[in-house]
Every structure is written in structure tokens, then in C-alpha cells.
Student: 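Below you will find the structure I want to go over with you.
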Amino acid sequence: MCFIVFEWQPEERRLTLASNRDEFYARPTSPAHFWADRDHPDLLAGRDERGGGTWMGVTRDGRWAALTNVREPDRHTSDAPSRGDLVADFLQGDALPEAYARAVAERGARYNGFNLLLGYLDEAAPSLWYVSNCVAEPRRLRAGRYGLSNAALDTPWPKVVRGKAYLARAVDTQTGPIAEALLAALADDTQAPDDALPDTGVGLDWERRLSPIHIASEAYGTRAATVLHVSSGQVAFTEQTYAATGPVGAPRHFGFALRANGRTTPTE
């Protein structure tokens, strides 16, 4: 996943997140589903069928996680472990976000560059942590709006600035379904001007191609757009998948109600 904007309000257990996963079209991927086939029927996520992990997911007991890669072509190694396992292992386990973040920080050098968000919507003590192998220490995130692309948290790349503005408008003024507004924002293919582009070592042509929120090129682009909204104990998860030719079908919607004791009542 290469783009995330989100608002976190722990006092209300409220989360609104919009994200795009960018990947090669040829990489085998399953759309969002509950992982009953892996003995985790309470875990909702897409799946990277090559690496076995995922880029984003949420569980019925309120655990959620999301990942972006850090663009460092000079430091990339082909034999590093899959970064998608960092998300999947948290969602399938029982470690709290802080403990998991600190454990990941200790072994983070084994992986290619990553940013990892780890959240728990527990009624008594909701929490959200950010950990990256490109920053010094894991960080607990307070209430606020944040953005991630392929650099550290809140690095003001043009797509992050645009995305946070879209998120603010959707949260503050949207009167209709928030998923519809945020999916439209995630489809924004506006290319940033050259003087605003970062220099990450991939060359000007690729910096241009990778600068929109929604990426589309011959072999690589946005594969899934996801909106996760949690409010008043209700979880709403919406995903639109893409192929090289454009959207694949209509958006898919999932929903369930969190319970204080960790169990949930489905509403899908």
C-alpha cells in the first residue's frame, strides 16, 4: 500500500481511513474477504497471494493495521522478508499495539523500508501506534489527521497534502455516505507539478507517474482503494479493486458491530 490518510479520535473510538494499495498488476492478489480459509474468520483483509500477507485489515474484535512501503531503491534487497507479514501477524495475534510496535522496531532492519500503523479499538483503552524502520522510535499517535505515502508519517508530498484536504472535507462537511466521497478522492489521478515532486531516486519519469493519489501505468498502478470507517462501535469497510483496464466491478461493502467484550455481532 502506498497511500493512506486517516483521522483518529481515540476518545470516541472513531477512525476514518482512506487508502490505496499500489502494486504491479501481475502480482497475484485476492480482494478483501474474511480469512476463514486460514482459520481466521474474524480477520477482514485482502491478501497478497505471493507473499501471503496483507497491506491492510481489521478484525471483529477491533484490531486493525495498515502498511506503506518506503521508496528507497538504493537500499532495496530482493531476499528481505515480506512486509505484508507485519500486518497479518498483528491481526492474527493478540499483542497490544505498543508491544508489537516495539518488537517490530527491534527486528525492523531485516525488512525493506516500511511504515506500519497498528491500532486497537478497545473500549477501555483504544490506541494507535506508528512504527517504521526509517525513523528512530515507535510513536503513539494522538487525536488528529495524518497522511502516509512512501516516506515518513506526514511528509508533505503533494498526494499527501491533497489527500488530507479531501479527508478534512469528507469528515467535516460530507452529508452523504463518507465511503462514496473518499472513494472518489482515492480515484484522483492528478499529477503533481515537477517542482513539487520528491526525489526518491527513481528518476523524473517515475516520480511523475507515482505522484497522483491514484496511479495508472502499463504494468503498475493502484490495485485496491479502501475506506475504513469506525464510529459508535460500528465498522464499515469498503473496497474498490482495479486492474490495468480500470475498476473491477462495483465497490464491495462489509460491516459489523464491535462489542465491548471483544465479540461482535455481524451486520453484513
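Since we're looking at a predicted model, the values are computed, not measured.
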Student: Are a donor atom and an acceptor atom from the side chains of His76 and Asn112 found within less than 3.5 Å of each other?
Tutor: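 His76 vs Asn112: donor-acceptor pair found between side chains.
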Student: Measuring centre to centre across the rings, with the benzene-like ring taken for any Trp, is His40 within less than 6.0 Å of Phe34?
Tutor: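 Aromatic pair excluded; centres sit 6.0 Å or further apart.
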Student: Do Arg47 and Asp37 meet the salt-bridge criterion of a basic N to acidic O distance under 4.0 Å?
Tutor: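 Salt bridge present between Asp37 and Arg47.
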Student: Can we say Glu106 and Arg102 salt-bridge, meaning some charged N sits less than 4.0 Å from an Asp/Glu carboxylate O?
Tutor: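 No.
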Student: For the pair Gln9 (side chain) and Ser231 (backbone), establish whether a donor and an acceptor sit closer than 3.5 Å, ignoring hydrogens and angles.
Tutor: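 No: the side chain of Gln9 does not pair with the backbone of Ser231.
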Student: Would you check if there is a donor-acceptor pair between the side chains of Thr29 and Arg21 at a distance under 3.5 Å?
Tutor: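 Yes.
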Student: Is a salt bridge present between Arg223 and Glu23, judged by a nitrogen-to-oxygen distance below 4.0 Å?
Tutor: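 A salt bridge is absent here (no side-chain N lies under 4.0 Å from a carboxylate O).
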Student: Classify the angle between the aromatic ring planes of Phe6 and Tyr146 as parallel (below 30°), tilted (30 to 60°) or perpendicular (above 60°).
Tutor: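 Parallel.
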Student: Taking atom types as modelled, find out whether Thr200 and Glu72 have a side-chain donor-acceptor pair closer than 3.5 angstrom.
Tutor: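 Side chains of Thr200 and Glu72: no pair found under 3.5 Å.
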Student: Under a 4.0 Å threshold between the charged nitrogen and the carboxylate oxygen, would Arg27 count as salt-bridged to Glu49?
Tutor: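 Not counted as a salt bridge, because no side-chain N and carboxylate O are separated by less than 4.0 Å.
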Student: With distance as the sole criterion, is a donor-acceptor pair present between the side chains of Tyr220 and Asp22 under 3.5 Å?
Tutor: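 No, because no side-chain N or O of Tyr220 sits under 3.5 Å from a partner of the opposite role on Asp22.
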Student: Using 30° and 60° as the class boundaries, would you call the ring planes of Phe114 and Tyr111 parallel, tilted or perpendicular?
Tutor: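 Perpendicular, since the angle between the ring planes exceeds 60°.
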